[in-house]
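So you know, we letter chains A, B, ... as the sequences are listed, proteins then strands, and number each from 1.
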Amino acid sequence: MRVATWNVNSIRARVGRVVDWLVREDVDVLAMQEIKCKESQFPFEAFQEAGYDVVLHGLNQWNGVAFASRLPMEDVANTFTGMPGFGKELADGSLPQEARALGVTVDGVRLWSLYVPNGRALGDPHYEYKLTWLRELATQTAAWMSAHPTQPLALMGDWNIAPLDSDVWDIGVFAESTHVSVPERAAFAEFERIGLADVVRPLVPTGYTYWDYKQLRFPRNEGMRIDFVMGSQPFADLVTDARIDRNERKGDAPSDHVPVVVDLDLDLSAELATDDDDRPMIFG
DNA sequence: ATGGCCCCGGATCGGGGA
């Protein structure tokens, strides 16, 4: 099974590119972020004609997450328990929920499409929202893993965090910026503490997943690595290959992010974990 | 090659992105 995650930066502006890519690259399941539309606006037809079903969570022109899959999707969840909201307080005292998390199960593998809040600036209310959102996600993920210790799980998406200095083109430029701050990196590390790991990094040690549209960032290769597939041990045991499709930043009307692809061999789950010489070592 | 922001709504700008 080939799975991928891609912040598409508006599916309506990019549907042709995305569907062409799915078919050309033989992808089974794609987690999308920033679809920037609600269900009534989603271009279902193009996906269906290519053999993909779509489930999505979109409330308005901001954020929005979706899955396209040519395998059956089950147990769809359009939020995680306790997900914080953001914005102007509602009549009941709560904050508006945003469309940033969507979970599905495909062939027994639990997958989430996540669009982590940007944070905007250090000290901005959105920055605290980002940290709280991540903390709650980690808490809920740990609880789920305790209840499903053997089921493969991956949190896929735009994490809006660069965990390593080498994940940005010039760490000096980011001295007072979001995405690289100590609290954000600590929030990311919490997912490693509860038993998830970046399953792509061991196979693709270098490379960015995002380049700003401005200032010739892509031609100069001034990018950021902020899109990750964080898998549990049972998920990592299935991984046979991974890649970052840098070509998707080229050509007409690209997203500012590119797809991150992971290949799984579901037959491996039935095998003993001893003779795994062909598989990459992901957990230490 | 990969090229000097792009997306949205509902307007002719402002918010958001990172």
To the nearest Å, how far apart are [X] [atom1] and [N] [atom2]?
| X | N | atom1 | atom2 | result |
| --- | --- | --- | --- | --- |
| A:Ile11 | B:dC7 | CD1 | P | 13 Å |
| A:Arg246 | B:dT2 | CZ | P | 10 Å |
| A:Ile35 | B:dC8 | CD1 | C1' | 13 Å |
| A:Asp227 | B:dA18 | CG | C1' | 11 Å |
| A:Arg100 | B:dA18 | CZ | C1' | 12 Å |
| A:Leu59 | B:dC8 | CG | P | 17 Å |
| A:Gln61 | B:dG14 | CD | P | 17 Å |
| A:Lys130 | B:dA18 | NZ | C1' | 8 Å |

In plain terms, say whether [X] and [Y] are close enough for a salt bridge, that is, a side-chain N and a carboxylate O under 4.0 Å apart.
| X | Y | answer |
| --- | --- | --- |
| A:Lys214 | A:Asp256 | no |
| A:Asp165 | A:Arg185 | yes |
| A:Arg243 | A:Glu25 | yes |
| A:Glu248 | A:Arg17 | yes |

Distance check, P atoms only: B:dG10 and B:dG15, in whole angstrom units.
15 Å

I'd like the P distance from B:dC7 over to B:dA18, given in whole Å.
14 Å

Closest-nucleotide 5' rank along DNA chain B - winner of A:Ala13 and A:Gly119:
A:Ala13

Give a yes/no on whether any side-chain N or O of [X] is located under 4.0 angstrom from OP1 or OP2 of [N].
| X | N | value |
| --- | --- | --- |
| A:His126 | B:dA18 | no |
| A:Ser177 | B:dA18 | no |
| A:Arg120 | B:dG17 | yes |
| A:Tyr115 | B:dA18 | yes |

Please list each protein N or O that sits under 3.5 Å from an N or O in nucleotides 3-6 of chain B, with the distance.
| residue | atom | partner | partner atom | Å |
| --- | --- | --- | --- | --- |
| B:dC5 | OP2 | A:Gln215 | N | 3.0 |

Using only heavy-atom distances, determine whether the side chains of [X] and [Y] contain a donor-acceptor pair under 3.5 Å.
| X | Y | value |
| --- | --- | --- |
| A:Trp6 | A:Asp158 | no |
| A:Asn160 | A:His179 | yes |
| A:Arg110 | A:Thr105 | yes |

Counting any heavy atom closer than 4.0 Å, what does [X] reach on the DNA or RNA strands: base, sugar-phosphate only, or nothing?
| X | result |
| --- | --- |
| A:Gln41 | sugar-phosphate |
| A:Ser10 | sugar-phosphate |
| A:Phe174 | nothing |
| A:Asp158 | sugar-phosphate |
| A:Asn118 | base |

Please list all pairs meeting ring pair (Phe, Tyr, Trp, His ring centres under 6.0 Å) that have one or both residues in residues 30-53 of chain A, counting only residues at least two apart or in different chains.
A:Phe42-A:Phe44, A:Phe42-A:Phe47

